[in-house]
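Take a look at the structure set out below.
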Amino acid sequence: MTYEAFYEPAGANRFVATPATAGPWDPAAQHAGPPSALLARALADHDRVDGQPLTRMSVDILRPVPVAELTLRVRTLRAGRRITLVEGIAEAGGQEVLHARGWRILTPAEPTPATPDDAPAVPGPDAGTEPEFWSSAHAAGYLVAMQWRFVAGAFAEPGPARVWVRPRIPLLPAEPVRPAELALLVADSGSGVSARLDLARWLFVNVDLTVTLHRPPRGEWLLLDSATTIGPHGSGVAESRLADTAGTVGRAVQTLVVAPR
């Protein structure tokens, strides 16, 4: 991996995608994780309120996102001291490619009572194994820009999977990846790691991504504990539990289009 970051700044609200953003199907189209994380950064910073982290974000993927310059537009839909709703649009080549909405929720001065984490314990990243990518994958972009450690399942094994993931490079040069950005950068891979079908024979893409965090993830690694369900009419859903080494931090859901290639 020779790229310093997923994006290079190109002026106010403009960012040039590097080849590290390219998804596994087409070297000219971005994996949805990096541009979703870029929008998460923008939604967190717009009309910023101290102590009000981005807690929930939904992304609608309108069309493939080219590996090219992106322009972001962000506005506040509902401002408040405790909660704020923000909306963002990513454009490429004069076309809108992603729409996003995010809720920011104030962290109170006193901690709220937390419910116990009843999810089963999962071995940490050091116990995981590096994967092999499927033969038809374009691996030179996002797939190798991220580090993968499977503790259950594999890319080549249809079915549920548990995999630790962390980025090898930042979103922007010399800028640490923040917790909500990490969640969006990783969560869009839930459907790919838990695919129930042969990815070389079936189109298996998501039209959206929703991530909800009940606490910010800590550390570099994020666990995708993912499972996919497919219905008989060309659609499906991928659901992922997101966790750090201390336990569950949130959930991610993707709506899938399923069709023969």
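Note that these values count all heavy atoms, side chains included, but never hydrogens, waters or copies made by symmetry. Here, residue 1 is the first one in the sequence, and each next residue gets the next number.
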Within the side chain of [X], is there an N or O that forms a donor-acceptor pair under 3.5 Å with the backbone of [Y]?
| X | Y | answer |
| --- | --- | --- |
| Asn206 | Leu209 | no |
| Asp208 | Val59 | no |
| Arg78 | Ile83 | yes |
| Glu8 | Leu172 | no |

Contacts of [X] that satisfy side-chain hydrogen bond (donor to acceptor under 3.5 Å, both in side chains) - sequence neighbours left out:
| X | answer |
| --- | --- |
| Thr210 | none |
| Ser36 | none |
| Arg14 | Glu69 |
| Arg75 | Glu87 |

Write down the atom of [X], the atom of [Y], and the distance for their closest heavy-atom approach.
| X | Y | value |
| --- | --- | --- |
| Pro66 | Gln30 | O-NE2, 2.9 Å |
| Leu43 | Gly88 | CD2-N, 3.7 Å |
| Leu224 | Gly190 | CD1-N, 3.9 Å |
| Ala161 | Ser194 | N-CB, 4.3 Å |
| Pro167 | Val177 | CG-CG2, 4.4 Å |
| Ala17 | Tyr7 | CA-CD2, 3.5 Å |

Do the side chains of [Y] and [X] get nearer than 4.5 Å, heavy atoms only?
| X | Y | value |
| --- | --- | --- |
| Ser235 | Thr255 | no |
| Glu220 | Leu182 | no |
| Val253 | Val237 | yes |
| Thr245 | Pro125 | yes |
| Val258 | His233 | no |
| Trp221 | Gln147 | yes |
| Pro173 | Pro9 | yes |
| Tyr142 | Pro24 | no |

Salt bridge (Lys or Arg N to Asp or Glu O under 4.0 Å): which pairs involve [range], sequence neighbours left out?
| range | value |
| --- | --- |
| residues 246-261 | none |
| residues 113-138 | Glu130-Arg149 |
| residues 39-49 | Arg41-Glu175, Asp45-Arg48, Asp45-Arg178 |
| residues 221-239 | Arg162-Asp225, Asp225-Arg241 |

Shared hydrophobic cluster for [X] and [Y] (ILVMFWY, side-chain gaps under 4.5 Å):
| X | Y | result |
| --- | --- | --- |
| Leu70 | Phe6 | yes |
| Val211 | Leu54 | yes |
| Leu213 | Val165 | yes |
| Leu143 | Val193 | yes |
| Val74 | Val65 | yes |

Interatomic spacing from [atom1] in [X] to [atom2] in [Y] - rounded to 0.5 Å:
| X | Y | atom1 | atom2 | answer |
| --- | --- | --- | --- | --- |
| Leu242 | Leu223 | CG | CG | 8.0 Å |
| Met146 | Leu222 | CE | CG | 9.0 Å |
| Ile89 | Leu98 | CD1 | CG | 10.5 Å |
| Ser191 | Leu256 | OG | CG | 5.5 Å |
| Phe15 | Thr21 | CZ | OG1 | 13.5 Å |
| Thr18 | Ile169 | OG1 | CD1 | 5.5 Å |

Discussion item. Could you walk me through whether Leu38 and Leu171 satisfy the side chain to side chain contact (heavy atoms under 4.5 Å, CB included) test, starting with their C-alpha distance in whole Å, then the side-chain angles of each, then the deciding distance to 0.1 Å, before giving a yes or no?
Written reply: CA-CA 7 Å; Leu38 194 65; Leu171 201 60; 4.3 Å; yes
Worksheet entry | Other ILVMFWY residues reachable from Leu106 by side-chain steps of under 4.5 Å |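 Same cluster as Leu106: nobody, lone residue.
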Worksheet item: Taking only residues two or more places apart in sequence or in another chain, which ones pass ring-ring contact (aromatic ring centres under 6.0 Å, His included) with Phe155?
Response: Phe133, Trp134, Trp148, Phe150
Worksheet item: Could you walk me through whether Arg82 and Ile105 pass the side chain to side chain contact (heavy atoms under 4.5 Å, CB included) check?
Response: CA-CA 6 Å; Arg82 292 180 185 234; Ile105 297 177; over 6 Å; no
Review item, side-chain donor-acceptor pairs of residues 90-97, under 3.5 Å, at least two apart:
{"unit_1": "Glu91", "atom_1": "OE2", "unit_2": "Arg73", "atom_2": "NE", "d": "3.0"}
{"unit_1": "Glu91", "atom_1": "OE2", "unit_2": "Arg73", "atom_2": "NH2", "d": "2.7"}
{"unit_1": "Glu96", "atom_1": "OE1", "unit_2": "His99", "atom_2": "NE2", "d": "2.7"}
{"unit_1": "Glu96", "atom_1": "OE2", "unit_2": "Arg73", "atom_2": "NH2", "d": "3.0"}

Worksheet entry | side chain to side chain contact (heavy atoms under 4.5 Å, CB included) assessment of Ile230 paired with Leu197 | CA-CA 9 Å; Ile230 300 171; Leu197 301 170; 3.7 Å; yes
Worksheet item: Stepwise, does the side chain to side chain contact (heavy atoms under 4.5 Å, CB included) test hold for Asp188 with Val186?
Response: CA-CA 6 Å; Asp188 191 68; Val186 170; over 6 Å; no
Response to the item:
Quick note, ring pair (Phe, Tyr, Trp, His ring centres under 6.0 Å) partners involving residues 157-215, not counting sequence neighbours, are none
